[in-house]
Participant: 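Okay, here's the structure, questions in a sec.
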Amino acid sequence: MADPYYITTAIHYPNGKPHIGHAYETIAADVVARFQRLKGRDVRFQTGTDEHGLKMARKAEEQGRTPRELADEMSGYFRDLFDRLNISYDRFIRTTEPEHHTASQALWRKMEANGDLYLDRYEGWYSVRDEAFYDEKELVEGEGGEKLSPQGTPVEWTKEESWFFRLSNYQDKLLDLYASQPEFIQPDSRRNEVMRFVEGGLRDLSVSRTSFDWGVQVPGSEDHVMYVWVDALTNYISGLGYPEEGADWKYWPADLHLIGKDIVRFHTVYWPAFLMSAGVELPTQVYGHGFLLNRGQKESKSLGNVTDPNVLAEQFGVDALRYFLMREIAFGQDGSYSPEAIVTRANAELANSFGNLAQRTLSMIAKNLDGELGAYSPAGDDKALLTTVQDACHEGLPQQFEKLAFSTGIEAWMKAVYACNQYVDEQAPWALKKTDPERMRTVLQTLFIALRDLAIAIQPVIPEKAGHLLTMLGIAEDARTYEDMADEGWYGALIATGYRVPKPDPLFPRLELPEAEEAS
Ligand code: ME8
């Protein structure tokens, strides 16, 4: 039985259409999910939409419709985008699903039974945009002297009856958790921030609202709906059927909650405290990635620089976009994108290097060898190249991907691609065609063998193109895992079937900047 692996993204607020940050996070999670599948893990990958709360209620009101209408429409855009980006999610959860309500109420009852919930009055600051309560001392001053949350969003004074969660009781337990499981919060910089926050003292948390009703009803308290983060975090277990421990419960605890840096506190302070209170095992790791910026700036409607990720996918192709995002930015840190940067990176590494390598190798085999490969007897140079490629594909890339260091992993892989191109230039198989056709055959065979590992290894990042290349290489769909890379007998087996390499179609056409971009 394969070892279960459970990865989740944040669930996204469908108060508007998805933006590039949503695409970035979900692509990164997809790379991990595909990577773990290729390693043989039994992967469960969950994403979805976070549909309750005041932010949704207000946005719907502004538009003169119900929150449900807004959620239904916008959630559809998220799903469509993720399908278009080739996101291999197993479960797309919506927090308005009745099963999710049941699960949230079950978790609530457990926390209540543990003595961690009490009724009182909340009086303090609330940011609707962050859906977060803030202490006075955390607030910052805006340009006009107004009070803002530490994220720079408006806050409003809120006063109402509320249920409270005894977060203050969990301070020591949380500090013990961070100390005993240093991997629980990653990267380390985020871990340090959270530790400082918790060491500073924890106040009990307001966990229900009475001033609106768009949420999960608090069991036994008709006038209260749960604070949106309580039900939102519960998605990670409701999506597995909680409170029933059915067939999908084997995936809990999650191996990785992949989220952005702005919501680390919710995932590493509140969430483990809720789970401890309810007697549910804790996830293994929360990873807070960095933010994606548009030419160094945060996207916002007022700056007029909001980019629809669908348009980027359309302009540059899904795999080029995925590749760019994983390659350009050191995961964990903030990073910038622009059409120029996408075009430059994709042309240099995909079109000119990897694509060109595949294209020239397969065309020469199709043309000069009539597609027939034949038995292989490599010389020293050939073996050396294959060792370089194997080191990168069997170890370099996977070791880095395991640590979510996508860019460094791809870089290791790209170095092997460069080595192959250098080998082609040095060996000049086109010249060997007349002088030494047997040697030409060996060179082309070597490249063919190298391409198979290169294509298998990079599948998590560019699944469609790598898959297409593997098909052109004659590799069966069930022989494309990382374990398959270690199989030495595959080439002989392929030759035995009489496989003929087809004339290839180009994998990565050179990209051009869209006209509007050129003019600017
Ligand atoms: O926070 N770059 O939803 P959300 C990279 N519903 N990532 C970004 C980003 C950017 N520019 N902007 C946002 C919520 N994100 C809650 C989560 S989970 C139980 C509830 C990331 O739609 C952000 O950090 O505002 C978060 O991980 C995800 O996108 C969804 O953000």
Side-chain angles (χ1 to χ4, degrees), residues 7-30 46-56 59 67 70-71 74-75 77-79 81-82 87 91-96 100 103-104 107 127-132 149 151-153 190 215-216 226-239 254 256-272 274-275 283 286-301 303 305-309 312 325-326 328-337:
I7 176 168
T8 64
T9 64
I11 46 171
H12 315 284
Y13 287 127
N15 62 328
K17 290 186 179 174
H19 56 62
I20 183 78
H22 294 127
Y24 177 60
E25 175 172 308
T26 313
I27 287 173
D30 186 58
Q46 177 163 306
T47 187
T49 41
D50 183 1
E51 307 190 354
H52 297 125
L54 202 46
K55 176 146 87 171
M56 285 295 288
K59 177 59 83 177
L70 176 66
M74 294 299 160
S75 181
Y77 287 122
F78 278 86
R79 210 180 167 124
L81 173 68
F82 296 161
I87 305 299
R91 174 87 160 89
F92 186 98
I93 194 166
R94 298 185 54 189
T95 53
T96 42
H100 174 76
S104 304
L107 189 77
S127 157
V128 178
R129 265 213 252 153
D130 303 346
E131 296 281 20
S149 82
Q151 319 270 359
T153 59
R190 314 248 189 269
V216 178
M226 290 180 199
Y227 168 39
V228 62
W229 271 99
V230 176
D231 96 76
L233 289 161
T234 306
N235 93 84
Y236 301 130
I237 53 176
S238 65
L256 181 61
H257 289 320
L258 195 64
I259 53 156
K261 63 177 184 179
D262 57 328
I263 55 172
V264 169
R265 189 186 293 183
F266 301 93
H267 283 80
T268 59
V269 181
Y270 305 166
W271 181 226
F274 296 162
L275 291 171
V286 175
Y287 190 101
H289 62 73
F291 263 41
L292 194 59
L293 303 169
N294 184 342
R295 299 178 197 275
Q297 281 184 314
K298 200 170 175 224
E299 292 199 342
S300 76
K301 289 201 183 99
L303 285 174
N305 64 350
V306 179
T307 313
D308 179 352
L312 294 179
L325 292 173
M326 294 298 100
E328 186 83 2
I329 299 153
F331 200 64
Q333 296 171 22
D334 290 351
S336 230
Y337 78 95

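Every heavy atom of this structure was used, including side-chain atoms; hydrogens, water molecules and symmetry mates were not. In this text, all values refer to a predicted model and were calculated from it rather than measured experimentally. Counting starts at 1 for both ligands and their atoms, following the listed order.
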Participant: Below 4.0 Å from ligand 1: does a non-hydrogen atom of Trp271 turn up there or not?
Facilitator: no
Participant: Only heavy atoms of Ala232, strictly under 4.0 Å: list the atoms of ligand 1 that pass.
Facilitator: 19 (C)
Participant: Is there a donor-acceptor contact under 3.5 Å from the side chain of Glu131 to the main chain of Lys55?
Facilitator: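 Such a contact is found between Glu131 side chain and Lys55 backbone.
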Participant: Got a donor-acceptor contact below 3.5 angstrom from the Glu299 side chain to the His19 backbone?
Facilitator: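 Not at all, since once roles are kept as given, no pair shorter than 3.5 Å links the two residues.
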Participant: Under 4.0 Å from any heavy atom of Gly290, which atoms of ligand 1 are there?
Facilitator: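 Every atom of ligand 1 under 4.0 Å from some heavy atom of Gly290: 5 (C).
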Participant: Would a distance-only check, ignoring hydrogens and angles, find a side-chain to backbone donor-acceptor pair under 3.5 Å from Glu328 to Ser336?
Facilitator: no
Participant: Could you tell me whether Tyr236 approaches ligand 1 through its side chain, its backbone, both or neither, with non-hydrogen atoms closer than 4.0 Å?
Facilitator: side chain
Participant: What part of Glu25, side chain from CB on, backbone N/CA/C/O, both or neither, has a heavy atom under 4.0 Å from ligand 1?
Facilitator: side chain
Participant: May I ask you to list the atoms of ligand 1 that are less than 4.0 angstrom from any heavy atom of Ile263?
Facilitator: 1 (O), 17 (C), 26 (C), 27 (O)
Participant: Check each of Ile11, Thr9, Asp231, Asp262 against atom 17 (C) of ligand 1 and report the one with the nearest heavy atom.
Facilitator: Ile11
Participant: What are the atoms of ligand 1, with element, lying closer than 4.0 Å to any heavy atom of Ile259?
Facilitator: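 Within the 4.0 Å cut-off of Ile259, ligand 1 contributes 27 (O).
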Participant: Ignoring hydrogens and angles, tell me if any N or O in the side chain of His100 forms a donor-acceptor pair with the backbone of Val216 under 3.5 Å.
Facilitator: no
Participant: Would you find a donor on one side and an acceptor on the other, under 3.5 Å apart, between the side chain of Arg129 and the backbone of Thr153?
Facilitator: no
Participant: Run the numbers for me: atoms of ligand 1, each under 4.0 Å from some heavy atom of His289, listed by number.
Facilitator: 5 (C), 7 (N)
Participant: Do His22 and Tyr77 have side-chain N/O donor and acceptor atoms under 3.5 Å apart?
Facilitator: no
Participant: Purely on distance, is any nitrogen or oxygen of Tyr13 under 3.5 Å from one on ligand 1?
Facilitator: yes
Participant: Hey, is the main chain of Met56 close enough, under 3.5 Å, to the side chain of Asn15 for a donor-acceptor pair?
Facilitator: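 It does not hold such a pair.
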Participant: Under a 4.0 Å threshold between the charged nitrogen and the carboxylate oxygen, would Glu51 count as salt-bridged to Arg94?
Facilitator: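 Judged by the 4.0 Å cut-off on N to carboxylate O distance, Arg94 and Glu51 do form a salt bridge.
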Participant: Just distances here: any N/O of Ala10 and N/O of ligand 1 closer than 3.5 Å?
Facilitator: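 Ala10 vs ligand 1: no N/O contact under 3.5 Å.
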Participant: Heavy-atom pairs closer than 4.0 Å: do any link ligand 1 to the side chain of Asp50, the backbone, both, or neither?
Facilitator: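 Answer for Asp50: side chain.
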Participant: With heavy-atom distances below 4.0 Å as the criterion, list the atoms of ligand 1 near His267.
Facilitator: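 Those of ligand 1 that fall under 4.0 Å from His267 are 18 (S), 19 (C).
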Participant: Side chain to side chain donor-acceptor pair (under 3.5 Å) between Ser149 and Ser127: does it pass, once the steps are laid out?
Facilitator: CA-CA 7 Å; Ser149 82; Ser127 157; 4.7 Å; no
Participant: Return the option from Glu131, His22, His19, Arg129 holding the heavy atom at the smallest distance from atom 12 (N) of ligand 1.
Facilitator: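 When every heavy atom of Glu131, His22, His19, Arg129 is considered, His19 comes closest to atom 12 (N) of ligand 1.
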